[in-house]
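Worksheet for the structure shown next.
Within every chain, numbering begins at 1; the chains are lettered A, B, ... in the order of the sequence lines, protein sequences first and strands thereafter. Values in this document were obtained by computation on a predicted structure and should not be read as measured data.
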There are 2 protein chains.
Amino acid sequence: MDAHRHFFHKYFTLYRPFVNELNRMLEDYNLYYAQWSIMYYLDVYQSMTLVELSKMLYVEKPTVTRTVNALIKLDYVEQIPVRDKREKRIQLSKTGVHVVQEVRKVFDQYEQEIMTGISNEDQATVIRVMETVRDNIIRKGD
Amino acid sequence: MDAHRHFFHKYFTLYRPFVNELNRMLEDYNLYYAQWSIMYYLDVYQSMTLVELSKMLYVEKPTVTRTVNALIKLDYVEQIPVRDKREKRIQLSKTGVHVVQEVRKVFDQYEQEIMTGISNEDQATVIRVMETVRDNIIRKGD
DNA sequence: AATAAATAGTTACCCAAGGTAACCATTTTG
DNA sequence: CAAAATGGTTACCTTGGGTAACTATTTATT
């Protein structure tokens, strides 16, 4: 078997245990991973529109609408007024900011645990490879 | 941001474009990725029981039952008789073997394309890291 | 040998997370 | 100013997973 074939297989066999575990941790905050990923971006970028999220997450607009609505209902996210009346621009609410801090603590802890024994250099390699692969996939796809 | 935080984010942002693209390719064979992953294992291990698959795939038994039934309906997979009457042991059918060959060709081609510019050494590093991470996740989880 | 426990699989439900098609409002462009 | 583009929503559908409760069979215990 060639290395690249191993790569894809390994990539996907990691997904299920990984996302299961993260969802289990998010239970305490009434969140699922798909919701968390939006909060993650809002933490990084302060505020975003649904279309921006849609492109970042690589999912369709209706999916974003639904997930954002769930976050608004949880009071983790709020809409902010903006000139263009078509746009829905959102940011983390006060509660949301707090939840992000909490979840980050939990995730950082967990992430460090499961990365034990992997050098910073190797971590950097993996990140670079995944970035490249993603770019390649998207470039070919569209 | 620490490296490990980058790692997790990168890992998940790759997933959606990746699985979308693979599903698009599998359309020609009336397959979805979840079904393909079972055929992949059957190709590697010749024959497997549903419980074995369940453990390998890290999904519950009912999920395996459903997916396998779909593959049997497609005539890509067939049951083989076995001493223990509780067990359902399956293997690729003749058609299934053929389909695996075809899909492999398509995937290998695609995979090589999107891995361009990544050295064999880096690919090996990524594989090793993902294996380690998966083991760590599963060890912590249970 | 008879019973209890374990194992393999199925059935009947439920839910998260995505998708498409069609649409409305608003803004931008020709 | 009409046409096209953009941002978002609604309605409906699908994949792919889950849990609880069950049957059938095999294995272990008494």
Without swapping roles, check the side chain of Tyr11(A) against the backbone of Tyr11(B) for a donor-acceptor pair under 3.5 Å. yes

Using whole Å, what does the distance between atom C1' of nucleotide dC15(C) and atom CD of Gln35(A) come to? 12 Å

How would you list, by chain and number, every residue that makes a side chain to side chain donor-acceptor pair (under 3.5 Å) with Glu60(B), sequence neighbours excluded? none

My understanding is that only residues two or more places apart in sequence, or in another chain, count here; which of them pass side chain to side chain donor-acceptor pair (under 3.5 Å) with Ser47(B)? Arg89(B)

Sidechain-backbone polar pair: Thr125(A) side chain, Glu121(A) backbone, donor-acceptor under 3.5 Å: yes

If one requires at least 3 consecutive Watson-Crick or G-U pairs with distances under 3.5 Å, the stems of DNA chain D turn out to be C:1-30 with D:1-30

All side chain to side chain contact (heavy atoms under 4.5 Å, CB included) counterparts of Gln101(A), not counting sequence neighbours: Val97(A), His98(A)

Take atom CD of Glu60(B) and atom C1' of dT10(C), then tell me their distance rounded to the nearest Å. 14 Å

Checking Lys105(B) now: which residues fulfil salt bridge (charged side-chain N to carboxylate O under 4.0 Å, His left out) with it, not counting sequence neighbours? Glu102(B)

Between dA8(C) atom C1' and Arg89(B) atom CZ, what is the distance in whole Å? 12 Å

Would you please say whether a donor-acceptor pair under 3.5 Å links the side chains of Glu78(B) and Gln91(B)? yes

Position toward the 5' end of DNA chain D (nearest nucleotide), Arg66(A) or Lys88(A): Lys88(A)

Give the rounded distance in Å between these two atoms: CD1 of Ile80(B) and P of dG9(C). 12 Å

Please tell me whether Phe8(A) and Phe107(B) form a close aromatic pair, meaning their ring centres lie under 6.0 Å apart. no

Strand contacts (DNA chain D) in residues 11-34 of chain A, 4.0 angstrom heavy-atom criterion: Arg16(A)

Centroid-centroid distance, Tyr15(B) to Tyr58(A), less than 6.0 Å: no

What are the atom names and distances for every N/O pair under 3.5 Å that joins the protein to nucleotides 1-4 of chain C?
none

Which pairs count as side chain to side chain donor-acceptor pair (under 3.5 Å) when at least one residue sits in residues 22-32 of chain A, sequence neighbours excluded? Glu21(A)-Arg24(A)

Under 3.5 Å, side chain of Glu52(A) to main-chain N/O of Thr49(A), donor-acceptor pair present? yes

First and last nucleotide of DNA chain D, 5' to 3', lying under 4.0 Å from heavy atoms of chain A: dA5(D) to dG17(D)

Quick check for you: to the nearest 0.5 Å, what is the distance between Gln123(B) atom CD and Ile127(B) atom CD1? 6.5 Å

Touch class at under 4.0 angstrom, heavy-atom based, for Thr49(B) against every strand present: sugar-phosphate

Under 3.5 Å: donor-acceptor pair, side chain of Thr63(B), backbone of Val59(B): no

What residues, two or more places apart in sequence or in another chain, satisfy side chain to side chain donor-acceptor pair (under 3.5 Å) together with Tyr45(B)? none

Base contacts versus sugar-phosphate-only contacts with protein, heavy atoms under 4.0 Å: please encode nucleotides 22-30 of chain C as B, S and - from 5' to 3'. ---BBS---

Tell me whether Val82(A) is reachable from Ile38(A) by hopping between hydrophobic residues (I, L, V, M, F, W, Y) whose side-chain heavy atoms are closer than 4.5 Å. no

Would you kindly give the CG-to-P distance between Leu71(A) and dA16(C), to the nearest whole Å? 13 Å

Residues pairing under salt bridge (charged side-chain N to carboxylate O under 4.0 Å, His left out) where one sits in residues 61-76 of chain A, two or more places apart or in two chains, turn out to be none

